[in-house]
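First up is the structure itself, then whatever we jot down about it.
All chains are named by letter (A, B, ...) in the order of the sequence lines, taking the proteins before the strands, and each is independently numbered beginning at 1.
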Amino acid sequence: MHIPPSPKRFTMHFSEVAHYFDLIERESSRVKMTQLLAELFKKASPHEARIIAYLSLGTLRATYEGTQFNFASKGMVVAVARVLDISEAAVSTSATQTGDLGAVITLHPWTHTDSQATLIEIHRALVEFEQLSGSGSVEDKVRYFTTLLQSVDALSARYLVRIVLQKLRLGFSEMTLIDALSWALVGNKSLHDRIEYAFNVSADIGFIAELSCAGGIAAVDSIGITVGIPIRPAAAERLPSAAAIIEKIGSAIAEPKFDGFRLQVHVKKHDEKTELRFFSRNLLDMSAMFPDLKAALLDLPVQSAVVEGEALAFDEQTGSFLPFQETVKRRRKYDIQSTMEELPLKLVLFDILYLNGESFLEKSQSERHNALATIVNTTNNALLSVAEEIRVETADALQHYFLQNITAGLEGVVVKRPDSSYQPGKRNFNWIKLKRSERGKLDDTIDAVVLGYYYGKGKRASFGIGACLIGVYNKEEDRFETIAKIGTGFSDDEWKELRVKCDTQKVNDCPHNVMVTRGLEPDIWVAPEIMVVVRADEITRSPAHTAGKTADRLGFALRFPRFLEYRFDKSPTEATSVDEVVSLFDQQKVVGEE
DNA sequence: ACTGACTGCCC
DNA sequence: ATTCTGC
DNA sequence: GCAGAATGGGCAGTCAGT
């Protein structure tokens, strides 16, 4: 199909992009949204397409290069208040009602003149804004952004606010942009898979957009894995039991699931030196953080490779892995050397995506694991290992292996289809996680009391509730202590219902028998009457929540809390007690004994 | 030098 | 991370 | 089933203020 060259045109104004964002925001049909985006891409130069792709996702560049405005809801309230010349309180109130600070802009009269800034100029300004730092920079940032807002029309200002907040809420993200690039080339989404492939192996959406607009699908097709540019990681689905997993995929491969952080490692040997990069699960560059792992990986007998694994801190005395809260302390910018000594890391590798110039993505799980084992096992470095993999044919065998792993203190197992390729960027049932928290089912839940609620953002703003604060009962002190906030598990209707229930119990101040630390105070206090059943993956020590907190002991909190159901047959003082929380906490360290 | 408020990013 | 929802 | 948008605990980093 012949693609006519896009007509030469004037440099694109940011206001035109904002106009398209507005059209898209009003559109609920994904196909129409995609068509609008395609139209926008067709009007843009390749470089402009790149910038559109970045800005539409609230970023300024590739994910792995990072965008950090260090300017979010609090700073934005100040800037918006100045631009609109109203009080910060008024902006806050309006933001609460609409659930969106950007929308506040277009709710008020706009008195500023549009300077017709181009898309490129706005991008450049945002880069400059992002770079403001150091003493006095809080005020500098407010001033800079206020001035920037004052130089555009209201619609542009609305989207500038959302770009900086990194929440465009337009109803599309990367996959829709890829559809739009296909539409821009051929008028349908038939090229989606090929463009997505390029994006999956070269995770820079702006680069893909520019390439597609400049060189068409031929240019996109030329993209393969480049060592040093991250590949979008594959992710696992979740199922609640060994039986469900075997039923889903049959004969499978199981491996331990470790509770650390995921690293994608890129290695490339040049004549003298070896280039080594680490990327986080979300594709941020962590290359400077782990000199110990870096040294270990230099031993790999490869010219070039991309491997993935889980990094975990371990106890040098016992060799056992430390909890996530310890491991995550290694994610830092400063004091790397000293923390390295306090919290040495191991890297358990579980996949290989590229080796010596060849992509391994299409190879089967088994082939990849074998190749990985071959290179790592010849390395013989104590910090490196390959995740054990066993073949399981039955639910019983899987259940046994699962129990064995949680007894060893691990998070559970990941089960994989033996013949599946590595599907970058995908979460599907090629990989399935079975987590420790599924063990026992009902006894892993907590009966808690609702103590208050918070206004929501976006869609939840219209419910007047976005999350609630819950607590457990301290028998000795006869009071309620907080253990978590709940922001998920309620359907839209249930949120509305919860809001009504809470409002019937609304009180003006924190009740005398409720312990809440500063920073967790809800927007609306509720008398401790509403009982809920809450599920969580784990109980952790908490610097924030008051459950079980004493003068010389941290409190406890729930990891990954979610609402299950209401509990009508218990009164508030029959909520799970602090004592029970403590014993649940103690129990989870000795999971094998049951 | 310390603390608290805020932000960004791990899970 | 988990969960819900529109398509 | 996908893509997107709500939300959680808790860590380090930055800056303002004392």
Side-chain angles (χ1 to χ4, degrees), chain A residues 28-31 33 57 66-77 99 132-141 165-179 235 237-238 258-263 280-284 286 289 310-311 323-336 339 411 425-429 433 435 437 454 456-461 463 465-470 482-495 518-520 534-545 554-564:
Chain A
S28 69
S29 151
R30 181 162 305 279
V31 175
M33 285 166 43
L57 300 176
T67 300
Q68 258 189 246
F69 292 109
N70 286 310
F71 194 82
S73 51
K74 302 294 175 182
M76 194 59 82
V77 165
L132 295 173
S133 67
S135 185
S137 63
V138 168
E139 176 59 22
D140 290 348
K141 287 206 147 180
L165 295 179
Q166 314 213 337
K167 272 197 184 352
L168 274 286
R169 283 203 203 88
L170 299 176
F172 72 84
S173 185
E174 286 151 340
M175 287 306 125
T176 311
L177 286 177
I178 285 169
D179 271 346
E237 280 288 356
R238 184 170 175 169
F258 300 97
D259 191 14
F261 49 82
R262 185 163 173 177
L263 287 184
S280 74
R281 197 208 122 93
N282 296 314
L283 303 182
L284 272 125
M286 303 176 93
M289 296 181 186
E310 192 83 358
F324 177 74
Q325 273 171 287
E326 291 300 309
T327 295
V328 80
K329 291 178 182 168
R330 286 296 307 270
R331 196 187 73 80
R332 55 166 56 246
K333 186 173 167 186
Y334 302 111
D335 303 322
I336 289 175
T339 316
E411 204 189 5
K426 295 293 178 202
R427 180 187 300 276
N428 58 36
F429 289 95
K433 55 188 161 188
K435 296 183 63 163
S437 58
Y454 308 85
K457 291 181 176 171
K459 185 188 202 179
R460 301 256 176 104
F463 305 161
I465 183 171
C468 66
L469 180 66
I470 59 158
T482 73
I483 194 162
K485 290 196 285 179
I486 307 288
T488 191
F490 294 95
S491 67
D492 289 359
D493 285 344
E494 284 172 330
W495 280 114
R518 192 165 60 239
L520 284 171
V534 163
R535 192 145 147 62
D537 272 21
E538 197 179 354
I539 296 169
T540 57
R541 306 313 307 263
S542 171
H545 284 283
L554 285 175
F556 295 88
L558 303 181
R559 190 181 186 198
F560 311 140
R562 56 260 199 199
F563 169 81
L564 279 189

Applying a 4.0 Å non-hydrogen cut-off, can you work out what [X] is touching in the nucleic acid: base, sugar-phosphate, or nothing?
{"X": "T327(A)", "value": "nothing"}
{"X": "I470(A)", "value": "nothing"}
{"X": "F560(A)", "value": "base"}
{"X": "K435(A)", "value": "sugar-phosphate"}

Taking the nucleotide of DNA chain C with the nearest heavy atom to each, does R281(A) or F563(A) sit closer to the 5' end?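 It is R281(A) whose nearest nucleotide is closer to the 5' end.
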
Counting side-chain heavy atoms from CB outward, which of [options] is closest to [X]?
{"X": "T176(A)", "options": "dC10(B), dG4(D), dG4(B)", "value": "dG4(D)"}
{"X": "S73(A)", "options": "dG10(D), dT7(B), dT7(D)", "value": "dT7(B)"}
{"X": "H545(A)", "options": "dT7(B), dC10(B), dG9(D)", "value": "dG9(D)"}
{"X": "F261(A)", "options": "dC11(B), dG8(B), dG9(D)", "value": "dC11(B)"}
{"X": "A72(A)", "options": "dC10(B), dA3(D), dT7(B)", "value": "dT7(B)"}

Using the C1' atom on both, measure dA1(C) against dG8(B) and round to a whole Å.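 Here dA1(C) and dG8(B) have their C1' atoms 16 Å from each other.
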
Who passes salt bridge (charged side-chain N to carboxylate O under 4.0 Å, His left out) against R460(A), sequence neighbours left out?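 Testing R460(A) for salt bridge (charged side-chain N to carboxylate O under 4.0 Å, His left out), a comparison that skips the adjacent residues, returns none.
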
Name the residue closer to the 5' end of DNA chain D, choosing between L558(A) and F172(A) according to the nucleotide with the nearest heavy atom.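 Checking each residue's closest nucleotide, the 5'-ward one belongs to F172(A).
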
How would you list, by chain and number, every residue that makes a side-chain hydrogen bond (donor to acceptor under 3.5 Å, both in side chains) with E411(A), sequence neighbours excluded?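 Once residues adjacent in sequence are excluded, the partners of E411(A) under the side-chain hydrogen bond (donor to acceptor under 3.5 Å, both in side chains) criterion are K257(A), K435(A).
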
Going by the rule side-chain hydrogen bond (donor to acceptor under 3.5 Å, both in side chains), which residues pair with Q166(A) if we only count those two or more places apart in sequence or in a different chain?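 Result, side-chain hydrogen bond (donor to acceptor under 3.5 Å, both in side chains) vs Q166(A): none returned.
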
M33(A) CE - dG4(D) P separation (whole Å):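 After rounding, the reported distance stands at 8 Å.
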
Between dA5(D) atom C1' and E174(A) atom CD, what is the distance in whole Å?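 The distance from CD of E174(A) to C1' of dA5(D) comes to 14 Å, rounded to the nearest Å.
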
For DNA chain D, what are the stems built from at least three Watson-Crick or G-U pairs in a row, each pair having both distances below 3.5 Å?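 Correct response: B:1-11 with D:8-18, C:1-7 with D:1-7.
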
Within the pair R562(A) and dT3(C), is there a side-chain N or O less than 4.0 Å away from OP1 or OP2?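 For dT3(C), OP1 or OP2 has a side-chain N or O of R562(A) closer than 4.0 Å.
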
So H545(A) and L469(A), do their side chains get closer than 4.5 Å, heavy atoms only?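 They are in contact (side-chain heavy atoms under 4.5 Å apart), so the answer is yes.
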
Please examine the side chains of F563(A) and E494(A), heavy atoms only from C-beta on, and report whether any two atoms are closer than 4.5 Å.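 E494(A) reaches F563(A) side chain to side chain.
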
Contact letters for nucleotides 11-18 of chain D, in which S counts primed atoms plus P, OP1 and OP2 and B counts the base, heavy atoms under 4.0 Å: SSSSSS--

Pull out every protein N or O sitting under 3.5 Å from an N or O of nucleotides 5-7 of chain C, one pair per line with the distance.
| residue | atom | partner | partner atom | Å |
| --- | --- | --- | --- | --- |
| dT5(C) | OP1 | D492(A) | N | 2.9 |

Using 4.0 Å as the upper bound for N to carboxylate O, is an ion pair formed by R30(A) and D179(A)?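 Salt bridge flag = no for R30(A) with D179(A).
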
